[in-house]
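Every chain is numbered from 1 and lettered A, B, ... according to where its sequence line falls, protein lines coming before strand lines. Remember, predicted model here, so these are calculated numbers, not experimental data.
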Amino acid sequence: MKTRFSWFNLTSITFGFAFLYIPILLLVIYSFNESKLVTVWGGFSTKWYGSLLQNQALMDAAWVTIRVAVVSATIATALGTLAAITLVRMGRFPGRTLFSGMIFAPLVMPDVIIGLSLLLMFVAIGFDRGFWTITLAHITFTMCYAAVVVQARLQDFDKSVEEAAMDLGATPVNTFFQITLPIIAPSVISAWLLAFTLSLDDLVLASFATGPGATTLPMKIYSQVRLGVTPEINAISTILIGIVTVGVLTAAYITKRQTDKAERERRRAFGATG
Amino acid sequence: MTVATASQSTPTLTPRAGPRTAAPQSGFAPWNDPKKPPIVRFEGITKRFDDFVAVKNITLDIYEREFFALLGPSGCGKSTLLRMLGGFEKPTEGKIIVAGQDITDMPPYDRPVNMMFQSYALFPHMTVEGNIGFGLRQEGMPKDKIAERVDEAMGMLELRQFAKRKPNQLSGGQQQRVALARAIAKKPRIVLLDEPLGALDKKLRQQAQFELMRIQETTGTTFIIVTHDQEEAMTVASRIAVMDKGDLVQVATPGDIYENPKTRYISGFIGDVNLFEGKVSAVADGCVEIESTEGSKLKTRSAEPVSVGQQVWLALRPEKIRISHDQPSSTVNAIPGKVEDIGYLGSISHYHVRTAGGQRITALRANAAHAVERSISWEDSVWLDWPVDAGVVLTR
């Protein structure tokens with residue numbers, strides 16, 4: 001069925017998207033600018049992408065960012081999955097509400113406050129700030145996103161499937177790795193992608209938690225912009241946008257396919273009861 | 001006025017009297033042999049969820065090769081009892097003993113029982129083969145041996161053609177067979193079935209019941225089934241335990257449960273029944289005379305010890321009552337009445353008769369003779385009568 005847009009809808013969509021995406025589009029377009037002056041169009045060129053590879057400081061920052069993102073996303077997903085399982089599977093236990101509240105609090109807590117409190121803690125315990133402190137900070141705030149994503153999937157997971165596995169002789173550990181994890185794998189992957197992209201573009205927490213020698217890409221870009229925007233910054237930002245877009249879209253696609261599949265199975269089950 | 005007919009079953013229910021054909025073998029009655037050790041023993045099992053008591057102090061023996069049914073309405077504790085045997089719930093009090101071994105604290109993965117779940121609980125990411133072989137792989141059995149056993153189970157349930165399919169590519173009936181195949185693949189001593197046929201339509205369910213009986217007989221395994229469908233329990237089981245609100249009300253063969261129900265609850269739960277409320281007016285040589293509240297004297301044989309003046313109920317199955325136009329020669333258990341309703345069901349007819357005392361009684365008559373007898377019609381005055389051994393005296 002085709003939906004006809006009314007003039008009102010069409011106008012609001014145009015303005016909405018323009019508001020959101022014209023700045024990003026400009027950045028992408030200017031990253032292909034021949035001219036060194038950021039605001040003057042001098043013809044199409046990809047030379048800034050080439051010169052990017054020569055910019056050691058920028059490349060170092062990119063490498064740090066990716067390492068932080070991979071490590072923190074992996075650990076955050078593992079912890080988030082465990083938290084989600086506890087919340088969904090353990091039923092009621094003393095302090096359950098407190099536990100779930102504490103897991104989800106960082107979702108609404110201002111980044112500045114998390115960053116500041118982490119900084120205070122690192123200083124207090126004398127933790128050398130650098131790569132690991134940034135990673136730890138990112139684990140803290142991406143873990144709750146991972147927990148939310150995995151929890152949503154676990155909630156419509158038939159518990160008797162796990163019981164069946166144990167009934168057939170699988171220990172709880174085997175049940176988790178052979179049954180639970182394969183079934184919830186799509187949501188674990190999308191949780192990882194979400195955590196990865198969140199870590200990739202975080203500036204606030206990284207700025208608080210960083211130390212000498214560990215500069216992430218968003219921090220590098222931010223500090224460079226204060227000295228003036230260069231086309232190189234546009235180029236690296238475009239790449240960053242590309243990675244984030246791919247990550248978010250993949251996560252959304254996996255989640256969508258999974259809910260569609262669950263819906264189909266549910267319809268099938270009802271069809272079978274006839 | 002008392003409600004005479006407690007009907008919870010379909011009118012076509014015709015239980016078999018005498019020796020049951022469904023029993024694994026004729027004369028199979030290990031529960032009558034005091035020397036025979038049970039394979040499962042529930043010893044004073046109580047299960048509480050917070051302040052709700054799901055199962056109340058149940059003691060029950062189940063024997064090898066039995067097809068045992070736990071029957072009752074939803075919420076009566078039958079599933080909880082089964083899940084405690086499977087190891088998914090811990091009894092609050094009591095012990096569960098399987099083959100002489102106390103398994104009360106044993107985790108599910110160590111127990112010699114396998115369960116078929118109501119939702120089937122098939123592993124969605126594995127093929128039919130993978131599902132059936134899962135339990136064997138946990139044992140670390142060699143691959144070729146697993147393939148052999150899986151193939152055997154698939155053959156038994158006609159699943160070979162679906163071996164490579166995933167559960168979501170199967171129909172409900174096929175999924176049900178996979179779930180059963182998976183539960184028997186490990187050749188456990190006891191197979192637990194939790195409402196195994198609840199999701200199937202009526203026709204498929206009847207087929208599946210006979211399939212369950214066939215599998216149970218060929219494998220010689222003890223089957224324990226939980227069901228709320230009394231017809232299903234009557235069809236498949238060698239013995240039935242009727243449960244109500246966490247209590248075990250009666251444990252007996254289907255024939256016994258139907259012919260000699262212990263309480264009014266059971267008499268109404270399985271099949272149709274007419275209940276006469278009354279007081280015992282005389283007891284003599286195995287016979288009890290009851291003066292019913294609707295005003296007639298009823299005489300019946302009773303195994304239950306009763307005393308004069310005691311409040312009792314006489315339970316009488318509709319098919320045990322003779323209905324005719326002519327006054328019967330004997331005056332014992334003969335009541336006149338008026339036909340109020342007739343339910344014609346082809347092979348049999350139901351007659352709802354109002355007695356002079358105002359009680360409504362249901363009688364069944366097979367439509368055997370073709371227009372030989374004068375047919376009974378609405379508003380006809382009729383006589384109802386039955387022999388002294390037709391009814392059962394109930395005290396609860």
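- For the residue pair A:Glu162 and A:Thr180, a side-chain donor N or O sits within less than 3.5 Å of a side-chain acceptor on the partner.
- Around atom NE2 of B:His228, no more than 12 heavy atoms belonging to other residues, nucleotides or ligands sit under 6.0 Å away.
- Counting heavy-atom pairs under 4.5 Å between each of A:Asp158, A:Ile183, A:Thr175, A:Ile179 and chain B puts A:Ile179 at the top.
- Contacts of residues 176-191 of chain B with chain A at a heavy-atom distance below 4.5 Å involve B:Arg182, B:Lys186, listed in sequence order.
- Residue A:Ala185: no heavy atom, backbone or side chain, is found under 4.5 Å from chain B.
- Summarising the local packing, CE of A:Met121 is surrounded by more than 12 heavy atoms from other residues, nucleotides or ligands at distances under 6.0 Å.
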Verdict with reasoning, B:Arg214 to B:Glu211, per salt bridge (Lys or Arg N to Asp or Glu O under 4.0 Å) | CA-CA 5 Å; B:Arg214 179 175 61 84; B:Glu211 190 160 54; 3.5 Å; yes
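- By the neighbour-count criterion of 12 heavy atoms within 6.0 Å, atom CZ of B:Phe49 is densely surrounded, having more than that number from other residues, nucleotides or ligands.
- Interface residue B:Leu122: only backbone heavy atoms are found under 4.5 Å from chain A.
- Remark: A:Asn174 pairs with A:Ala170, A:Thr171, A:Gln178, B:Gln138 by the side-chain contact (heavy atoms from CB on, under 4.5 Å) rule, at least two apart or across chains.
- If you measure heavy-atom distances from B:Met116 to chain A, you find no contacts under 4.5 Å at all.
- Annotation: A:Tyr145 is not in aromatic contact with A:Phe104 [ring centroid separation under 6.0 Å not met].
- The environment of NZ in B:Lys90 is crowded: more than 12 heavy-atom neighbours from other residues, nucleotides or ligands sit within 6.0 Å.
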